[in-house]
Engineer: 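The structure's right below; bear with me while I get my questions together.
Numbers restart at 1 for each chain; the letters A, B, ... are given by sequence-line order, proteins then strands. Predicted, not measured: the structure shown is a model, and the values here were computed from it.
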Amino acid sequence: MTGAQAVIASLQAAGVEYVFGYPGGQAVKLFDALFESDITFILSRHEQAAVHEADGYARVTGKPGVVLVTSGPGATNTVTGIATAYMDSVPLVVITAQVPTTVIGTDSFQEADIFGVTLPVVKHSYLLREARELPETFAEAFHVASTGRPGPVLIDVPSDVAGQELEFTWPETVNIPSYKPTVKGNAKQVRKAAALIGEARKPLVIAGGGVVSANASEALAALVDTMQIPVVCTLMGKTALPSAHPLNLGHVGMHGSKYANEAIAQCDLLICVGTHLSDRVTGRIAHFAERARVIHIDIDPAEIGKVLPADVPIVGDVAGVLADIVEALSAQKAQPQSKDWLAELAEWKERWPFYSTAVEEGRTGIIPEDVVMELSRQLAGTRSIVTTEVGQHQMWAAQFMERETPRSFITSGGLGTMGFGFPAALGASLANPDDQVVCIAGDGSLQMNIQEMATALEAGANVKVLLMNNSALGMVHQWQTLFNNKRFMATEFSANPDFVALAAAYGWQAARVEDPSSVAAAIETMLAAEGCYLLDVVIPRDANVYPMVPPGGATADAVGAIDLAVGAVRLGLERHEVRQVGEVNEEGEGGL
Amino acid sequence: MRHVMSVLVQNKPGVLSRVTGLVSRRGFNIDSLSVAPTEDPTKSRITAVVEAEDVAYEQITKQLNKLVCVHKITDLTEDEAIERELVLFRVAVEPERRSEVIEIANVFRAKIVDVGHKSLTIEATGTQSKLAGLEELLKPYNLAEITRTGVTAITRSAK
């Protein structure tokens, strides 16, 4: 068979159902080989969106998403998508066509060194030189993408290689001597961790995206249930435990609840599970978990000790390590000692709620938090996936969207890619066609990949878009409100399209809601609709996400938390307005 | 602190840029670099000298170890390693003082590898401190050009 046929045969051997992408000159042979295969090809309207679609598919299934694009601009358009997947450890195999090997390096038409361009944002990459390397390369690529800490792998396929003949045999096993991720946690470290957990009075777990990607939610629940350890979740770790789990304190970090951040400040033992401790989580690192000893569990040794020194580092698959710790705890007959701690946390939760109707009195228009809570109520108990774009709506979703199952909340955490959520919803919907898939979007983000409305319809996807429309880039607008004396530079749109008419032009169903009392019914109509539906929810520009840890600040510096003990007010808003973004604090750490 | 980092890698295209790119991306400067295949032609050895505090150095090595193309990283900074570098000096010395230069070269067990009308070329190998000493002595004789290979290193045999 030809190299192109071998590419498709490799994808079939790897069990690929969907390929997302966009054709082009150098990719013609590859696309021709797809013609006869049973793989479904999803034709996006932009290569960046194709990668996000494959990414959404990968995040909800745990299987690698596959992308096929042409050379040059087709390849460079994938870069943001690849970087997004890299930052959030999502398995992808991205196949880029390349100009023939004979003209590589001559600036030929649609030539780009995509291997070089993507080096910093891939887990691994290949430039094929000969067709006979092809089966092994593809087998390796799928193996590397989906084992250890998952990530994107790129394969650049010159068009002459796609035309070469080869004998195709799919390797049954993959053996890369220089790539052997550590899966089993060190037994001694596991015992040390169990000993620390056994004696902790104020233990706390911080669960990251690694819990979700390692399918470790049950193992985590087993540990925290046995030892009665409360859990805070990072943005990527949102579905690590069901939102309704009694020990789940929810979202932590820059827009986390005051009680979750306070739990980190006060705990005596912090168990970091599958998290890289982003600056968006820790705030000023010098004041993060100051009173705590630290256990850090991660499949990636480089994450341990990177920003926070660990007393007990454990490298390994988090599901296995958590199970080993539970076993060690049972061997030492450890008993939970967190009763007083849990009582204290329950008090904080009462005192500093995320939301209080009393505080919201006097606000006009639709309150964004109410919209998210209403969607959450209506989705409760159904099989559903929520994706988000990036910005204020994303943080409200993180705060108020209740989720029950792992992989049911999809968001760009690390790179914060606007334009991710909508195509990701499309990929998620193809993977789980029976689930209700809702993308919570902002009007800024949605317009970064709005052309995928056509893709969605063509692919027969069933996607709902809940557009939180404030005709502004809300999060930056919020920073300008708080830190730049309301100098709104480049954050207000004066000529947004009529999104309902636009959706209709794409063949979507759509409606607009401006009256707070109509929100619930509008969401109900959206969720009941067959096929794609956009709901344009008009929200005020001046709504801010609270609480907020000021950039560069410690979590204790958070402003805007509600404190019911001093009356229904948001704390600290006045004192903060003078602080400038980017200010260097006394420890010399930069601002942003 | 100065570290001599010996990185055993797959002998494949793009591996060098992957390794050096990662080091510079994480904010470190490579002071010197030498690369060549090993006794096993499928593997190459990159010897790089970097300046980094211990915690930062540990982070670089952890990040490098994550690369699929990296087999193994050894820190050859310790006393248990032999370090060598090769330097070529072009000395534009006037003919009447050439013998002095040759004498200096002999003391350092360096070789004269080329002689012309206006200059002679010396090849020297050794540790960086020995080579620095030689360079210092050659300076007064009009040192026109220096080229060096960068450090390579190997662990000492077990005694």
Engineer: Picking from B:Val19, B:Val7, B:Ile46, what satisfies side chain to side chain contact (heavy atoms under 4.5 Å, CB included) with B:Val35?
Structural biologist: B:Ile46
Engineer: How far apart are the C-alpha atoms of B:Arg45 and B:Ser6, what are their side-chain angles, what is the distance that settles it, and do they pass the side-chain hydrogen bond (donor to acceptor under 3.5 Å, both in side chains) test?
Structural biologist: CA-CA 7 Å; B:Arg45 187 175 294 285; B:Ser6 178; 2.8 Å; yes
Engineer: Let me know if B:Gln10 has heavy atoms under 4.5 Å from chain A in its side chain, its backbone, both or neither.
Structural biologist: side chain
Engineer: Looking at chain B, which one of A:Pro120, A:Pro181, A:Gly305 has the largest number of heavy-atom pairs inside 4.5 Å, strictly under?
Structural biologist: A:Pro120
Engineer: Taking A:Thr182 for its side chain and A:Gly316 for its backbone only, find out whether a donor-acceptor pair lies under 3.5 Å.
Structural biologist: no
Engineer: Of the backbone (N, CA, C, O) and the side chain (C-beta and beyond), which part of B:Leu8 lies under 4.5 Å from a heavy atom of chain A, both, or neither?
Structural biologist: neither
Engineer: Would one find more than 12 heavy atoms of other residues, nucleotides or ligands at under 6.0 Å from atom NZ of A:Lys180?
Structural biologist: yes
Engineer: So do A:Phe142 and A:Val66 actually touch side chain to side chain, heavy atoms under 4.5 Å?
Structural biologist: yes
Engineer: Which residue out of A:Gly116, A:Ser125, A:Pro309 racks up the most heavy-atom pairs below 4.5 Å with chain B?
Structural biologist: A:Ser125
Engineer: For A:Val153, which atoms come within 4.5 Å of any heavy atom of chain B: side chain, backbone, both, or neither?
Structural biologist: neither
Engineer: Who among B:Gln63, B:Lys43, B:Arg25 has the most heavy-atom pairs with chain A under 4.5 Å?
Structural biologist: B:Arg25
Engineer: Give the member of A:His124, A:Arg149, A:Lys123 that has the highest number of heavy-atom pairs under 4.5 Å with chain B.
Structural biologist: A:His124
Engineer: Find the one option among B:Arg18, B:Lys62, B:Gln59 whose heavy-atom pairs under 4.5 Å with chain A are most numerous.
Structural biologist: B:Arg18
Engineer: One thing to verify: whether A:Glu133 and B:Lys12 come together as a salt bridge, which I'm taking to mean a side-chain N less than 4.0 angstrom from a carboxylate O.
Structural biologist: no
Engineer: Could you tell me whether the side chain of A:Val103 reaches within less than 4.5 Å of the side chain of A:Glu111, counting heavy atoms only?
Structural biologist: no
Engineer: So which of A:Ile304, A:Leu119, A:Leu127 has the biggest tally of heavy-atom pairs under 4.5 Å with chain B?
Structural biologist: A:Leu119
Engineer: Quick check on B:Val70 against chain A: is it the side chain, the backbone, both or neither that has a heavy atom closer than 4.5 Å?
Structural biologist: backbone
